[in-house]
Novice: 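Can you read through this structure? Questions will come right after.
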2 protein chains.
Amino acid sequence: MSDKPVPAISSAELEVIKTLWDRGPMAARDVFAALPEGHGWAIKTVKTLLSRLVAKGAVTYEQVGNSYLYQPAVTREQVTRRELKGFVEHVLDGRLMPILHFIEGSADLSDAEIAQLEKILEKQRKGSAE
Amino acid sequence: MSDKPVPAISSAELEVIKTLWDRGPMAARDVFAALPEGHGWAIKTVKTLLSRLVAKGAVTYEQVGNSYLYQPAVTREQVTRRELKGFVEHVLDGRLMPILHFIEGSADLSDAEIAQLEKILEKQRKGSAE
DNA sequence: ATCTATAGCCTACACGTGTAGTCGTTGTCA
DNA sequence: TGACAACGACTACACGTGTAGGCTATAGAT
């Protein structure tokens, strides 16, 4: 069961792996093509980032013809959770209020988000009811 | 009114400026002494970090005797907000659900946090009521 | 069978950061 | 008034990261 630790992923690498999460396994040139417009990267840069992701164990590949089909080895949820945890611990020192203020300042929340908020409240009331 | 942009603050620098936020203006050696135990830094390291914070405009100082009394030039709220915004934009792509799940997974929330959650919900209901 | 575009691998380089050391100056104690 | 401790300025250096170029092998087109 030993969960491999989710590696740290830099911000440029994150843009690349996001593409893989969103569109599934693909070759380097397709990642390049699929990146949001205006990123301004050379394809070489994207390839470097893919290699680094592989080196970190965040991405794997399968050889197809003379090229690789890259695919994520960690899920978006794993990475998101890791980053969120680190952020809350190290930047916020575990405090949640700044986040709650931030959310308060957000424009409309979706129905799902509102439902989630209600769920949290309910859970808290239940947990402390005694 | 030109708000100076809040500078990016690295994680080691953050530990240092937190000390200033928590305990007010102090000399380098006092910052060093006030850091959480077990940080393992040399005092030289702390001084370097203070200098870098000054260079970034995050901290200012006033000369007293032969040393400086350092004090924050940006507030904890400014920095927290800046980091939170960046995090939500770049890591979460603006999605709030991961945060809400994280909060759900937290142990007990404080009364203040629960009140804030209720406030958010109320505000959302009001905003969309029409 | 040959050519060429493209692939991945390795290398490069500047900048921020973590982590500290050296050096010249100066406040302070004896 | 002289010695010394402590200060800040400057320097150092390795590592991660952003950003890409060169090199060699080869898949695929003709």
Side-chain angles (χ1 to χ4, degrees), chain A residues 5-20 25-36 38-71 73 79 82-83 86-87 90-91, chain B residues 5-20 25-36 38-71 73 79 82-83 86-87 90-91:
Chain A
V6 178
I9 293 180
S10 78
S11 70
E13 287 160 5
L14 190 57
E15 292 311 305
V16 167
I17 199 175
K18 276 180 190 173
T19 303
L20 296 177
M26 48 201 309
R29 67 179 173 295
D30 297 323
V31 173
F32 176 70
L35 283 170
H39 52 76
W41 281 335
I43 190 175
K44 287 293 199 171
T45 300
V46 174
K47 290 185 178 195
T48 297
L49 294 171
L50 281 166
S51 299
R52 289 183 181 168
L53 284 164
V54 169
K56 292 181 173 184
V59 161
T60 56
Y61 59 85
E62 180 189 348
Q63 181 131 22
V64 173
N66 69 336
S67 70
Y68 291 172
L69 215 48
Y70 293 94
Q71 64 184 313
V79 171
R82 178 211 144 89
E83 296 304 319
F87 184 84
H90 300 303
V91 178
Chain B
V6 178
I9 293 181
S10 79
S11 70
E13 286 159 6
L14 190 57
E15 292 312 305
V16 168
I17 199 175
K18 276 179 190 172
T19 302
L20 296 177
M26 48 202 310
R29 68 179 171 294
D30 297 324
V31 173
F32 175 70
L35 283 170
H39 53 76
W41 282 336
I43 189 175
K44 289 298 196 169
T45 300
V46 174
K47 289 184 178 196
T48 297
L49 294 171
L50 281 166
S51 298
R52 288 182 181 168
L53 284 165
V54 168
K56 291 180 172 186
V59 161
T60 55
Y61 60 84
E62 181 189 347
Q63 182 131 22
V64 172
N66 70 335
S67 71
Y68 291 172
L69 212 51
Y70 292 94
Q71 64 185 313
V79 171
R82 179 211 143 91
E83 296 304 319
F87 184 84
H90 301 303
V91 177

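So you know, we letter chains A, B, ... as the sequences are listed, proteins then strands, and number each from 1. Below, each value reflects all heavy atoms present in this structure, side chains not excepted, and no hydrogens, waters or symmetry copies.
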Novice: dA9(D), OP1 or OP2 - any side-chain N/O from Y68(B) closer than 4.0 Å?
Specialist: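 Looking at the OP1 and OP2 atoms of dA9(D), one of them is under 4.0 Å from a side-chain N or O of Y68(B).
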Novice: For residues 55-65 of chain A, tabulate all N or O donor-acceptor pairs below 3.5 Å that involve a side-chain atom, not counting sequence neighbours.
Specialist:
unit_1, atom_1, unit_2, atom_2, d
K56(A), NZ, A8(A), O, 3.2
K56(A), NZ, E13(A), OE1, 2.6
K56(A), NZ, E13(A), OE2, 3.2
Q63(A), NE2, G65(A), O, 3.4

Novice: dG8(C) phosphate, OP1 or OP2: any side-chain N/O from Y70(A) under 4.0 angstrom?
Specialist: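 Looking at the OP1 and OP2 atoms of dG8(C), one of them is under 4.0 Å from a side-chain N or O of Y70(A).
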Novice: Find the distance E15(B):CD to dG18(C):P and express it as a whole number of Å.
Specialist: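 Going from E15(B) (CD) to dG18(C) (P), I get 10 Å.
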Novice: May I have the distance from D30(A) (atom CG) to dT6(C) (atom C1'), rounded to whole angstrom?
Specialist: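 D30(A) atom CG is separated from dT6(C) atom C1' by 13 Å.
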Novice: Given V31(B), which of K47(B), M26(B), K18(B) fulfils the side chain to side chain contact (heavy atoms under 4.5 Å, CB included) condition?
Specialist: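 Passing option: M26(B).
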Novice: Check this one for me: any side-chain N or O of K47(B) less than 4.0 Å away from OP1 or OP2 of dC10(D)?
Specialist: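 Answer is no, no contact under 4.0 Å.
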Novice: Does the side chain of R29(A) get closer than 4.0 angstrom to OP1 or OP2 of dA7(C) through an N or O atom?
Specialist: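 For R29(A), the contact criterion (side-chain N or O under 4.0 Å from OP1 or OP2 of dA7(C)) is met.
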Novice: Can you tell me the distance, in whole Å, between the CZ atom of F32(B) and the P atom of dA6(D)?
Specialist: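 From F32(B) CZ to dA6(D) P: 12 Å.
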Novice: Any idea which heavy atoms bring V79(A) and L14(A) closest together, and the distance?
Specialist: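 The pair with the smallest heavy-atom distance is CG1-CD1, 4.2 Å.
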Novice: Write down the distance between CG (L49(B)) and C1' (dC7(D)), rounded to a whole number of angstrom.
Specialist: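 Spelled out: CG on L49(B) to C1' on dC7(D) is 17 Å.
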Novice: May I have the distance from L35(B) (atom CG) to dT19(C) (atom C1'), rounded to whole angstrom?
Specialist: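 Taking atom C1' of dT19(C) as the reference, CG of L35(B) is at 14 Å.
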Novice: Using 0.5 Å steps for rounding, measure from the OG atom of S67(A) to the CG atom of L69(A).
Specialist: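 S67(A) atom OG to L69(A) atom CG measures 7.0 Å (nearest 0.5 Å).
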Novice: A side-chain contact here means heavy atoms from C-beta on lying under 4.5 Å apart; do L50(B) and I17(B) qualify?
Specialist: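 They are not in side-chain contact.
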Novice: Do T45(B) and F32(B) have side chains that approach each other closer than 4.5 Å (heavy atoms only, starting at C-beta)?
Specialist: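 Result no, sub-4.5 Å side-chain heavy-atom pair not found.
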Novice: Quick one: closest heavy-atom pair of A28(B) and V46(B), and the distance?
Specialist: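 In this case the closest contact between A28(B) and V46(B) is O-CG1, 4.3 Å.
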Novice: Look at the side-chain N and O atoms of S67(B) and state whether any lies under 4.0 Å from the OP1 or OP2 oxygen of dA6(D).
Specialist: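 False: S67(B) side-chain N/O out of range (4.0 Å or more) of dA6(D) OP1/OP2.
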Novice: Grab the CD1-P distance between I43(A) and dT19(D) for me, whole Å please.
Specialist: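 From I43(A) CD1 to dT19(D) P: 16 Å.
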Novice: Distance check needed: dG16(D) C1' versus L53(A) CG, whole Å only.
Specialist: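 Interatomic distance, CG of L53(A) to C1' of dG16(D): 14 Å.
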Novice: Does dG18(D) have its OP1 or OP2 closer than 4.0 Å to a side-chain nitrogen or oxygen of S10(A)?
Specialist: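 For dG18(D), OP1 or OP2 has a side-chain N or O of S10(A) closer than 4.0 Å.
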Novice: Report the distance from atom CG of L50(A) to atom C1' of dG18(D), rounded to the nearest whole Å.
Specialist: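 Value for this atom pair: 14 Å.
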Novice: Each nucleotide in nucleotides 20-30 of chain C should get exactly one letter: B, S or -. Can you fill that in based on protein heavy atoms under 4.0 Å?
Specialist: BBBB---S---
